[in-house]
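For reference, the structure discussed in these notes is given below.
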Amino acid sequence: MNKILKTILTSIICICISITLAGCSTSVYDDYSKAGASLDKDNVFEKISTDDLVNKINEKNGIFYVYYASSEDATSRSEITIYNEQANQYQIEVIYYLNAADYTTVALRKELKEKISINDASKVPSMLVYVDGNLKFDSSRESVRSNYDTAQKVSGHIFRDMIIPAEVN
């Protein structure tokens, strides 16, 4: 009887762990399509953790993009499709996605600002561009928001204008 009970308990634990892990590993597509966005299943967005992002910044290797947003935010849902289309047009293979819903308190946003140099982690969505480990474009800055007030303008600038100098160097 003891052996049967152990087997049942072990099975229940394994099932619970599997369900928990499956819930944690949703894709950007899953998150946004559940929220009502019309994002293509085959998109350029790849989730990244803060620790992995810090490591990528510290590598100081080339140009990369980070979309700091939340599927809970209406503007994030509308802009993500624009960024995906524009990235495909400019042959950008990956835009890293950092989920803003994970940073809901002032303390967490302050910590994020210190780690990745974002100007204002309360501004969602924000597009960030890092070149050789340095934050070169941050749409959370008011001066940037006033000059690039639409996702089309931001994507045109970061995918077209910023890529050319990066390729020359």
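Hydrogens, waters and symmetry mates are skipped; everything else that's a heavy atom, side chains included, is used.
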- Message: Suppose we screen for side chain to side chain donor-acceptor pair (under 3.5 Å). Which residues come up paired with Lys60, at least two apart in sequence or across chains?
- Response: none

- Side chains of Leu39 and Ser33: does their closest heavy-atom pair fall under 4.5 Å? no

- Can you sort out the partners of Asn88 under side chain to side chain donor-acceptor pair (under 3.5 Å), two or more places apart, ordered by chain and number? none

- Item | Listed partners of Lys56 passing side chain to side chain contact (heavy atoms under 4.5 Å, CB included), at least two apart | Glu59, Phe64, Tyr96

- Message: How long is the straight-line distance from CG of Asn84 back to CD1 of Ile92, given to the nearest 0.5 Å?
- Response: 11.5 Å

- How long is the gap from CD on Glu72 to OG1 on Thr104, to the nearest 0.5 Å? 9.5 Å

- For Gln89, check side chain to side chain contact (heavy atoms under 4.5 Å, CB included) against everything at least two apart and list the hits. Gln86

Which pairs of donor and acceptor atoms, one on a side chain in residues 129-137, lie under 3.5 Å apart (sequence neighbours left out)?
from: Tyr130; atom 1: OH; to: Ile116; atom 2: O; distance (Å): 2.5
from: Asp132; atom 1: OD1; to: Gly62; atom 2: N; distance (Å): 2.9

- Message: Among residues at least two apart in sequence or on other chains, which ones pass side chain to side chain donor-acceptor pair (under 3.5 Å) with Ser49?
- Response: Asp52

- Task: Go through the structure and list residues passing ring-ring contact (aromatic ring centres under 6.0 Å, His included) with Tyr29, not counting sequence neighbours.
- Result: none

- Does Lys153 have any salt bridge (Lys or Arg N to Asp or Glu O under 4.0 Å) partners at least two apart in sequence or in another chain, and if so, which? Asp149

- Please list all pairs passing the salt bridge (Lys or Arg N to Asp or Glu O under 4.0 Å) test where one or both residues lie in residues 83-112, with sequence neighbours left out. Glu111-Lys115

- Query: Looking at residues at least two apart in the chain, or sitting in another chain, which of them share a side chain to side chain contact (heavy atoms under 4.5 Å, CB included) with Ala151?
  - Reply: Glu79, Ile82, Tyr83

- Message: So, using side chain to side chain donor-acceptor pair (under 3.5 Å) as the criterion, who are the partners of Asp31 when residues are at least two apart?
- Response: Thr26, Lys47

- Message: Can you list everything that forms a side chain to side chain contact (heavy atoms under 4.5 Å, CB included) with Ala35? Sequence neighbours excluded, please.
- Response: Ser71, Arg77

- Can you measure from CG (Leu128) to OG (Ser140) and round to the nearest 0.5 angstrom? 7.0 Å

- Task: State, to 0.1 Å, how close Ala69 and Tyr97 come at their nearest heavy-atom pair, and which atoms those are.
- Result: O-OH, 3.0 Å

- Task: Dump the intermediate steps for side chain to side chain donor-acceptor pair (under 3.5 Å) on Asp73 and Ser70, then the final yes or no.
- Result: CA-CA 5 Å; Asp73 174 67; Ser70 171; over 6 Å; no

